[in-house]
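Just below is one structure, and these are the notes that go with it.
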Amino acid sequence: MIARAALDRLLDFRADGGPPVVSVYAAAPVDPKEKVHVRARVNSLLQGLDPLVENRELDRETRLSIRQDIERLREVVADEHWRPHGVGLFCCSARDFFESVELPREPRERALVDATPWVRPIAAMIDKDHRVCVVTLDRGHAVFWEHRVGRDDELVRIDEVEDRVLRDADHTGGRFGGQEYTTHHKVTELAKKHFRHVIARLEKLFFPELDHEVQYEEVVEGRSPRDVGADESYDLLVVAGHGERVSGFLEEFPDRLRQRLAGTFTDPSVDDRKALEVQVDEVLERWERDREQQGVEHVLEVEAMGGLGVTGLHTCLWAASSKAIDTLFLREQDEAPGVVCDGCGWLGEEGEVCPVDGRPLRRTPDIVDEMLQSVLRDSGTVHTLEDGVAPEARSPLAHLRFPLPPEPPG
Ligand SMILES: [Zn+2]
């Protein structure tokens with residue numbers, strides 16, 4: 001998973017009225033021969049920033065810091081050894097700030113200068129970065145696989161459970177119904193036992209924190225699950241089996257495991273790993289889209305009833321300013337210039353002074369990024385939507401924690 005810790009460090013960077021941060025996103029190709037092209041592309045992105053260094057409207061300290069940032073980034077790119085598929089670089093020389101974040105997918109390549117790091121591509125990747133456990137099972141045999149969404153790594157076999165089965169279970173009993181019943185009963189019992197073994201293994205993979213010793217430690221030392229690494233467990237489950245066996249298996253699920261289930265499919269291609277991967281990807285894509293669609297529809301419904309949902313940039317900005325956003329939904333193309341109050345955190349589309357506390361406002365090229373940062377800092381969740389999930393005029397959208405206070409006259 002992309003270290004959420006890296007995003008947190010970027011979110012911690014607060015504008016202080018001093019020189020800005022240069023943010024650069026670049027692809028890191030799998031093929032080493034492509035690297036020369038990456039270098040050329042990043043250098044041309046950086047070249048695009050040269051006019052800022054000459055811009056006499058900026059103060060000397062800012063121009064100097066940007067020039068040093070460009071130099072440092074050119075050096076970093078010259079001896080880059082990034083792993084696929086991308087990297088985000090953040091530099092503010094005046095404040096001795098530098099972060100390099102490896103990305104699991106290719107980002108849209110871009111360089112941007114603003115008072116704070118531009119984090120949206122990283123937040124979007126974290127939103128979609130799931131650690132998935134896939135189980136393929138039949139009557140007496142289950143194989144566990146690890147799968148990372150959006151990465152081209154193969155499915156990795158991590159574990160298996162083998163239980164006793166009766167031979168020719170479907171054709172037993174002969175002429176005597178009594179014996180058939182007994183055998184059938186035995187087969188069902190063995191299958192149930194097998195399912196329970198598989199579920200016990202899944203519980204360990206998904207809820208390692210349920211181990212009593214770890215829980216005790218958490219309470220005693222007051223550490224979060226993230227500190228003890230519990231968030232490194234699996235977060236989504238895909239189940240694949242033959243026909244009715246999947247449903248019999250799912251009936252045995254405890255609720256907490258059922259909540260992690262992204263979907264199921266039948267007749268997995270266990271002998272063809274690539275084909276199995278395609279089947280898993282289909283399930284996960286459907287799950288992701290359904291999740292987004294349900295979230296968006298819920299916001300639209302509650303907004304229509306005057307409840308805890310808002311749509312459109314203006315109202316979402318006021319909701320974020322009020323620290324009222326529980327979940328923010330936005331599209332990659334939702335981007336607009338705007339203004340920020342670094343005193344109270346008020347966000348707006350335009351203006352010179354903050355309508356809340358009268359401080360001068362700071363301009364930003366992408367107010368949606370500032371809104372996203374504000375929501376994440378307030379422990380909210382942000383989902384970046386796929387194309388076509390939200391009606392264009394209604395995005396961004398937000399689900400609120402509490403009703404919005406009236407907007408200050410501005
Ligand atoms: Zn303010």
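Whatever order the structure lists ligands and atoms in, that order sets their numbers, starting from 1. From a predicted model like this one, the values you see are computed outputs, not experimental measurements.
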Ring-ring centroid check Phe207 Tyr234, cutoff 6.0 Å: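 Phe207 vs Tyr234: aromatic centres not under 6.0 Å.
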Metal proximity, Asp342 vs the Zn ion (ligand 1), N/O/S cut-off 2.8 Å: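 It does not: Asp342 brings no N, O or S atom closer than 2.8 Å to the Zn ion (ligand 1).
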To the nearest 10 degrees, how large is the angle at the Zn ion (ligand 1) between Cys341 SG and Cys354 SG?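 That angle works out to 110° after rounding to 10°.
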How many degrees, to 10°, between Cys344 SG and Asp357 OD2 as seen from the Zn ion (ligand 1)?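 The two atoms form an angle at the metal of about 100°.
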Quiz item: cation-pi between Arg95 and Phe13, 6.0 Å / 45°: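 The answer is yes, since Arg95 meets both limits relative to Phe13.
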Taking the inter-plane angle between the rings of His298 and His399 on a 0 to 90° scale, is it parallel (under 30°), tilted (30 to 60°) or perpendicular (over 60°)?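 Judged by the thresholds at 30° and 60°, the geometry between His298 and His399 is tilted.
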Take the angle between the ring planes of Tyr25 and Trp118 and call it parallel below 30°, perpendicular above 60°, tilted in between.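 Judged by the thresholds at 30° and 60°, the geometry between Tyr25 and Trp118 is perpendicular.
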